[in-house]
Amino acid sequence: MSEREQILRHTEAYVREQMRGEGTGHDWWHVHRVRGMALRLARDESADPYVVELAALLHDVADHKFHGGDETAGPRAAREWLARVDADAATIEHVADIIARLSFKGAGVPTPMSTPEGAVVQDADRLDAIGAIGIARAFAYGGSRGRPLHDPDDAPEMHDSFERYKSGGGPTINHFHEKLLLLRDRMNTAAARRIADSRHRYMQEFLAQFDREWNAADSFSDGEG
Ligand code: ADP
Ligand code: NI
């Protein structure tokens with residue numbers, strides 16, 4: 001087995017161990033899907049599959065959402081791990097840089113990726129936040145934070161800074177407007193945009209049905225009857 005294959009194998013075992021028992025939609029299977037999708041997108045973009053796979057595997061280890069909002073914890077954990085398995089310096093820098101830039105930071109905050117490797121990992125992570133799986137993950141995460149499903153008196157906010165986005169604690173339905181419905185138009189690659197399109201429409205249908213059911217008890221609404 002080549003040295004690179006060994007580093008990938010070790011990293012996978014490390015990440016599986018780190019994400020055991022995760023109940024907020026940031027579990028091993030999320031990482032597994034992101035890796036598969038990122039490698040699929042990488043072929044069209046001539047992205048280096050080694051960097052893509054390492055970044056996908058490590059992208060949610062020590063995520064800021066679970067580290068008191070500290071955005072440096074994720075890239076630092078990746079750097080420390082890759083140094084421990086003797087990855088080369090350029091790979092360590094590249095993977096840490098991708099992880100530092102990856103996260104959504106608010107409706108009004110651009111999150112540009114500077115390399116094709118970063119572009120495909122970000123697209124893959126965002127594809128997993130939308131569609132049927134995205135809906136399931138949003139409610140799993142919201143539940144883990146004690147957030148209500150929906151509150152018609154609490155309007156969505158378009159956050160213009162990462163600080164505001166992170167500190168928001170609104171109902172999960174608002175998260176669709178604050179993030180999930182914005183992701184289709186923020187995909188970096190054409191292939192991801194195509195996949196995002198049908199997942200986006202599925203979420204819109206879900207929200208429309210949710211609304212009909214919410215209003216069904218109201219005799220003056222034209223709900224589901
Ligand atoms: P990112 O780094 O862009 O936040 P992640 O891979 O860490 O992406 O996953 C984000 C997941 O967490 C998404 O599925 C998203 O729906 C969920 N999530 C994040 N914030 C919220 C929130 N405020 N309400 C509901 N779900 C959330
Ligand atoms: Ni992720």
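All ligand and atom numbering here is 1-based and tracks the order in the structure.
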Greater than 12 external heavy atoms within 6.0 Å of His150's NE2
yes
Contact check: Asp128 vs ligand 1, nitrogen or oxygen atoms, below 3.5 angstrom:
no
Assess Glu178 for proximity to ligand 1: is some non-hydrogen atom of it under 4.0 Å away?
no
Strictly below 4.0 Å, N to O, side chains only: are Asp197 and Arg201 in salt-bridge contact?
yes
Before you tell me yes or no, could you show the steps for Tyr202 and Ile130 under side-chain contact (heavy atoms from CB on, under 4.5 Å), namely the whole-Å CA-CA distance, both residues' side-chain angles and the distance that decides it to 0.1 Å?
CA-CA 9 Å; Tyr202 187 82; Ile130 62 177; over 6 Å; no
Any ion pair linking Glu71 and Lys166 (charged N to carboxylate O, less than 4.0 Å)?
yes
Closest heavy-atom pair, Leu41 versus Ala124, reported as atoms and distance to 0.1 Å, is CD1-N, 4.1 Å
Between NE2 of His59 and OD1 of Asp125, what angle is found at the Ni ion (ligand 2), rounded to 10 degrees?
90°
So which heavy atom in the protein is nearest atom 25 (C) of ligand 1, and how far is it from that ligand atom?
Ala138 O, 3.3 Å
Could you label the plane-to-plane angle of the Tyr165 and His159 rings as parallel, tilted or perpendicular, counting under 30° as parallel and over 60° as perpendicular?
perpendicular
Atom 12 (O) of ligand 1 has as its nearest protein heavy atom His26 CE1, 3.3 Å
Under 3.5 Å between some N or O of ligand 1 and some N or O of Gly134?
no
Could you tell me which non-hydrogen atom of Gly108 sits nearest to which non-hydrogen atom of Pro110, and how far apart they are?
O-CD, 3.7 Å
Do Arg16 and Glu12 sit within salt-bridge range, that is, some charged N less than 4.0 Å from a carboxylate O?
yes
Taking only non-hydrogen atoms of Arg126, do any sit less than 4.0 angstrom from ligand 1?
no
Geometry only, no angles: is Thr172 polar-contacting ligand 1 at N/O separations under 3.5 Å?
no
Considering only non-hydrogen protein atoms, determine which one is nearest to atom 3 (O) of ligand 1 and report residue, atom name and distance to 0.1 Å.
Phe104 N, 3.1 Å
Can you pull out the closest protein heavy atom to atom 6 (O) of ligand 1? Residue, atom name and distance to 0.1 Å, please.
Asp125 OD1, 2.8 Å
For atom 7 (O) of ligand 1, find the nearest protein heavy atom and state the residue, atom name and distance (0.1 Å precision).
Lys65 NZ, 2.7 Å
Is there a path of hydrophobic side-chain contacts, each under 4.5 Å between heavy atoms of I, L, V, M, F, W or Y residues, that connects Val34 with Trp28?
no
Looking only at protein heavy atoms, what sits closest to atom 14 (O) of ligand 1 is Arg137 NH1, 3.2 Å
of all protein heavy atoms, closest to atom 16 (O) of ligand 1 is His175 NE2, 3.3 Å
Could you confirm whether His26 has any N/O/S atom lying under 2.8 Å from the Ni ion (ligand 2)?
no
Per residue Asp60, nearest N, O or S atom to the Ni ion (ligand 2) is named OD2
Can you check whether Thr111's main-chain N or O pairs, donor with acceptor, with Gln122's side chain at less than 3.5 Å?
yes
Matching residue for Arg35 among His59, His30, Glu53 - test: side chain to side chain donor-acceptor pair (under 3.5 Å)
Glu53
Run down the list Ala129, Ser103, Gly25 and name the one with the heavy atom closest to atom 2 (O) of ligand 1.
Ser103
Can you find an N/O atom of Tyr141 closer than 3.5 Å to an N/O atom of ligand 1?
no
With the Ni ion (ligand 2) as the point of reference, which N/O/S atom of His30 is the closest?
NE2
Which residue supplies the protein heavy atom nearest to atom 23 (N) of ligand 1, what is that atom called, and how far is it?
Arg147 NH1, 2.4 Å
Nearest atoms (heavy-atom pairs only) where Asn174 meets Pro156:
ND2-N, 3.7 Å
Ligand-side contact atoms (ligand 1) for residue partner His30, heavy atom cut-off under 4.0 Å
6 (O)
Give a yes/no answer: is there an N/O/S atom of Asp128 under 2.8 Å from the Ni ion (ligand 2)?
no
Which heavy atom in Leu180 sits nearest to a heavy atom in Met203, and how many Å separate them?
O-CE, 3.6 Å
